[in-house]
Structure formats: structure tokens, C-alpha cells
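None of the values given here were measured: they were computed from a predicted structure. Note on naming: letters A, B, ... go to the chains in the order of the sequence lines (proteins, then strands), and numbering restarts at 1 for each one. Atom set for the values below is all heavy atoms of this structure, side chains included, hydrogens, waters and symmetry mates excluded.
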There are 2 protein chains.
Amino acid sequence: MSLMAEMRDAEARRSKAERKLIDHILGEPEAVLNTPIARLAAAVGVSEPTVNRFCRAMGARGFPDFKLRLAGELARARPSMARDIEPGDSGSHVAAKIFEATAASLSSAHNSLDTGALEQAVEALDRARAIALCGLGASASVALDAQHKLLRFDTPVVAHTDIINQRMLTASLRPEDCLLCISYTGRTRAITEVAQLARDSGATVIGLTSPGSPLAKACSMVLGVEGGEDTDLYTPMTSRIAQLVIIDVLVTTLALRKGDDFADHLEAVKRSVAATRSR
Amino acid sequence: MSLMAEMRDAEARRSKAERKLIDHILGEPEAVLNTPIARLAAAVGVSEPTVNRFCRAMGARGFPDFKLRLAGELARARPSMARDIEPGDSGSHVAAKIFEATAASLSSAHNSLDTGALEQAVEALDRARAIALCGLGASASVALDAQHKLLRFDTPVVAHTDIINQRMLTASLRPEDCLLCISYTGRTRAITEVAQLARDSGATVIGLTSPGSPLAKACSMVLGVEGGEDTDLYTPMTSRIAQLVIIDVLVTTLALRKGDDFADHLEAVKRSVAATRSR
DNA sequence: CGCCATGATGTTGTTTTATTACATTTAAGA
DNA sequence: TCTTAAATGTAATAAAACAACATCATGGCG
């Protein structure tokens, strides 16, 4: 178990001195990192060996090791926020900021992910006679990525990335089919019309888009990707990543639901790909 | 900036002793955490104060503080939850695992990103008369994503996602051109041959692939994406995300380098896209 | 109700670890 | 080649963590 959780959990059944310690550490975990054992002991009002023994009880090898572990946990808990990129930034600064912004965006997408909607979407994909995917511009590559992942299943799947084909597609959709429409803004008129046409034909339309947008309104169900931090420069990039991860989740959940059949099918796909490898 | 990135970045321009240190730390970062300064100094073959001075140079307050920071970064790079998804997992559990694995993969990619290679790649893209992108299978969508991003610049850019077109493309490449080859494994024979053909024609070939792979060897320069944790199930998914983020970094750095010209061009692109929006 | 036993906590001294101050070496430039 | 500054190392010092032992509290049992 994690240190923080362990401490919260153990607080009740521990001795008086250790309770004081736990209270103090949970209150200011960050501060503990820069505090030597003597100062911490004094601040809490216990002796140094008590602190040390406590650290061991928590599974660490001693006080320094305890701090190391705590540092690790705290680092996860605090997603570092990136500021905007400025012209003066060196290459590695740019990289750091983008990686951080992306991580933050992922975390935000995760928090705002609607599990219920996700289950519904998986349900729809599982039942579908055929799956179609639509995206324009940047979302086209997301649609293709999704297509590639879904190819592992035995449900017919197709991605369309140009508007003409997308509109033609809607004509062939049946109520048993499922269409996944991808758009970051949800304000691209063309794709909204496609979703509408698909609805008219009775198909289930899942929107992977911004909640509340015109596209979202046109869909049967929506997997929302909030913009998160609205740094104009990153948002489209980072939210595309979030979309891709949501698709990962969607596909993986679907795979679990399909169960054993899927395992066999996956094997077959892997074998057919292996033949193209070197060495 | 992150320690790992900082170290990679600084490696070139630091003194001999510090280079040895950096090599050693980057080689076994986890091990450093449980090593006192004396042992580390001895293992590397430098004196203790050298280690200490190095830690300060990296922005820490001393060796223990350095370890604390390193622990934080390394923690991000390792997923904390159980790695593999099991059939019994609930929907939200699956989502949590995938988001976490992706975040870990990103962090790991960031830590192992070679800033020097990145600068070189940006340089090459900046000078290029024309840019071509190649990817097959899952990497096809990455190539298309990159194409979309690069379309914002005024250098001609094209992505090819089928092997025939890719081979034909190599015939038209000139030494002033730049080809970006994308493959997670780097073992897809077809794409390696494309890279080789492109090299033969004198073009600069950048590989976005696994370091040390056949494809990597065939390229002029490599942007490595290490697999990170080798969880068979996620790796291909998460590393694709890492590739996309690296492309973000590449493109953003390129944008900064192009400077003002780019700002104007970006405005024009935004206006032309705005016309397609609702409301 | 008080005494013993056991576990918790504290005190003191030792050992390990990190840091400082200073000496030496190495490399860079004139 | 000599000068000078930076880099690195040595050795002493300070800080920190830890272990061994002493003391205290608490709860069971006569």
C-alpha cells in the first residue's frame, strides 16, 4: 500500500507518539522532505528513534528511505503545471513544458471521464453490426488510429477521413450500426451534419468531442474531452492525446468484454504481422 | 527542467568527471537512490565533493536533496497500479490503469529523450526543401498526425501510409529533402528498406523508433522511444502516444525556430479553418 | 490495589554520511 | 611555455541517522 494511504489507515490503531507523527506528516508532507530527523522529532515532540522506528514500521529501511518513498508518492500526486512556451525557451525547456502539459491534460481527462458513458459506448460497439469512424483534419489521424485498433476485432470497421465519403457512408448505415465521430471542438459544421444524417438513419452515434458542443448535441452519447487548461498553443495537441487514450480505454474494455474469442483473434493478428518483421 | 532531461542535455558540455557521473546515474538511476555518496563516488571513480558539486549544479541543495528529486521523477515513470489488466476489472479500473500506464510511458519517454538528437532533427526539418513522412500500420496514424501539424508551415509536406507509395517516394527524394520514418518496433522490414532507399538518394532520414533497431541503424538520426515498462499489453499503445508527443515537441520547436514568419502563417491557417466552424 | 511483565518512548553515544575548506592537478589562453 | 583559472581531489568537520541501553507507561494478574 502507498505510504500516505498506509498512514491514514494506521492512524487509529497506532500508539500515541506515532499518531502525533502521522498527523504532522499528513499535514505537511512536502515539508517533511526538507526536514532532518532531529528537527522533525522536535517539531512533533517525540524522540528521534521514535521517528526512525515509525519509518521502519511503514516499510522503509530508515528515515532517509522513508523520505525517498514519500517524495515518489508526492511527485505523482502533484501534476506539475506547465506555463506557456515562450520564444526564448531552449529546446529542452520546450520538451519539458509539452510533456508536462500533456500529462496534465491526461490527468484532467481522466478525472472528467464519465464511466457511465464509457460503458454505454462499449455496449454499443459490442452490439454493433459494423463500426464506422469519422474525423476531419487533426481528428482524422485519431479516427485512423481507432480503426487500426478496432481491426483486431471481428466486427467490420471502417474509418473515413474525407467529408464526401463520410456523407456517403451515412446513407449505408443501419440502426444496428455504430458511428464514432471525433472532433476536438465539436464545432466543425461538416462533421455535425454527418452525425445528424447518421442519427436519421437510426444508427447509434458516439461523439468523442467537447461536451455541450453542437456535435455533442447531435450524438446519441458523448465521451467528453474537456479542454483542460486552455493554453491556446497546446490545447489542440494535448486534447488529441487525451482522445487517443480514451480510445485505448474503449478498445481495451471492449476486448475484455469480448473475452476469449478475442484472445484467439488477437493471436491470429499477431502471427500475420510477425511475418513482416526483421530478424 | 527535469533532472533526467537536464542531465542528458548537459552531458555534452560538462567536464570529464561530471560526464562520468551522468553516464553512471543515467545508466542505473534507481540504484543511485539507495547509494550513499561515498559509494557512488567510488563506483564512478571520482571524489565525493565532485558528486556533491554536481548535485548543486543540477539545482539541488546537496546530495540527499538530489536523491529526493530523482526519486520523484522516477516515480512518475513507473505505473503504481497493477500493470496488467485482468478480466475481472471494472470499467473505471481499466480506465485508471490505462491512463496511468500512459502517463508513466510519457514520463519515461521524456526522461530518455535525447535533446541533442532533437535539435538535430529540428535543424534538418528546418533546412529541408520538402518533408516526407512514412509509417505503416499503427504508425500510419502517427505519420498522418505529423503531416497535419507540419501543414501549418510553408515547407511542402506529405505523408505516405502504404508501402508502394513509400517506395516510389524514395525515388523522388533529393539530398535537400528530409524523411521521417515512424515505427514502434523498428523491425518492420518494409519500412527499413524505405529508409535505406531514401539514404541512398542522399536525403536526411530521421527515425522515430526504438533505438538500436534495424530501422534506427538505417537512419541518419534517431529519436528514440524506449518501451519503458515492457507490459506487452500496453506498450504498443502507450509508446504511440509518446511518439505523438515527441512530434509535438519537434513541431513546436520548429515553430519557435521559424519565428515571426510562422506566426503570420499560423494566423492565415487559423482563419481558413475558422470558416468551417458552427456559430 | 499494587506488582510484574511487556511494550512504548526517550537518552546517550557511535557510526555513517554529507559538507566545507583547502591543496593539488589539469586544461586553456596569452 | 608560462600564467591563470577552472576542475578535481584530500582531509578535516559538521550533520545526520542509528543502535544500545535506560526509563517510563500500561495492562494483566495475584
Exercise. Using Watson-Crick and G-U wobble pairs with both distances under 3.5 Å, what is the 5'-to-3' dot-bracket string of DNA chain C, with [ ] for crossing pairs and | for pairs outside the strand?
Worked result: ||||||||||||||||||||||||||||||
Exercise. Can you name the residues that form a ring-ring contact (aromatic ring centres under 6.0 Å, His included) with A:F63, not counting sequence neighbours?
Worked result: none
Seminar exercise, completed: Contacts satisfying side chain to side chain donor-acceptor pair (under 3.5 Å) that involve residues 29-42 of chain A (not counting sequence neighbours) are A:E30-A:R78
Sequence neighbours excluded, which residues qualify as side chain to side chain contact (heavy atoms under 4.5 Å, CB included) partners of [X]?
{"X": "B:E28", "value": "B:A31"}
{"X": "B:A75", "value": "A:R76"}
{"X": "B:D23", "value": "B:E11"}
{"X": "A:E6", "value": "A:M1, A:M58"}

For this session: Pick base, sugar-phosphate or nothing for A:P36, based on heavy-atom distances below 4.0 Å to the nucleic acid.
Result: sugar-phosphate
Exercise. Tell me, which of residues 56-66 of chain B have any heavy atom that sits under 4.0 Å from an atom in DNA chain D?
Worked result: none
Exercise. So, are B:D248 and B:K149 salt-bridged, with charged N and O less than 4.0 Å apart?
Worked result: yes
Distance in angstrom units between [X] [atom1] and [N] [atom2], rounded:
{"X": "A:L40", "N": "C:dT9", "atom1": "CG", "atom2": "C1'", "value": "15 Å"}
{"X": "A:L21", "N": "C:dA8", "atom1": "CG", "atom2": "C1'", "value": "13 Å"}
{"X": "B:K20", "N": "D:dT8", "atom1": "NZ", "atom2": "C1'", "value": "10 Å"}
{"X": "A:I37", "N": "D:dA14", "atom1": "CD1", "atom2": "C1'", "value": "17 Å"}

Problem set entry | Contact check, side chains of B:L250 and B:L223, non-hydrogen atoms, under 4.5 Å | yes
Exercise. Side-chain N or O of B:N52 less than 4.0 angstrom from OP1 or OP2 on C:dA18?
Worked result: no
For this session: Taking only the side-chain nitrogens and oxygens of A:T50, find out if one of them lies under 4.0 Å from OP1 or OP2 of C:dG10.
Result: yes
Of the options [options], whose atoms approach the side-chain atoms of [X] most closely?
{"X": "A:K67", "options": "C:dA18, D:dA17, C:dG10", "answer": "D:dA17"}
{"X": "A:E48", "options": "D:dA19, D:dA17, D:dT8", "answer": "D:dA17"}
{"X": "A:E18", "options": "D:dT8, C:dT9, C:dA18", "answer": "C:dT9"}

Who are the side chain to side chain donor-acceptor pair (under 3.5 Å) partners of [X], not counting sequence neighbours?
{"X": "B:R129", "value": "B:D177"}
{"X": "A:R69", "value": "A:D65"}
{"X": "A:E18", "value": "A:R14"}

For this session: For nucleotides 21-26 of chain D, just jot down a letter per nucleotide in 5' to 3' order: B, S or -, based on protein non-hydrogen atoms under 4.0 Å.
Result: ------
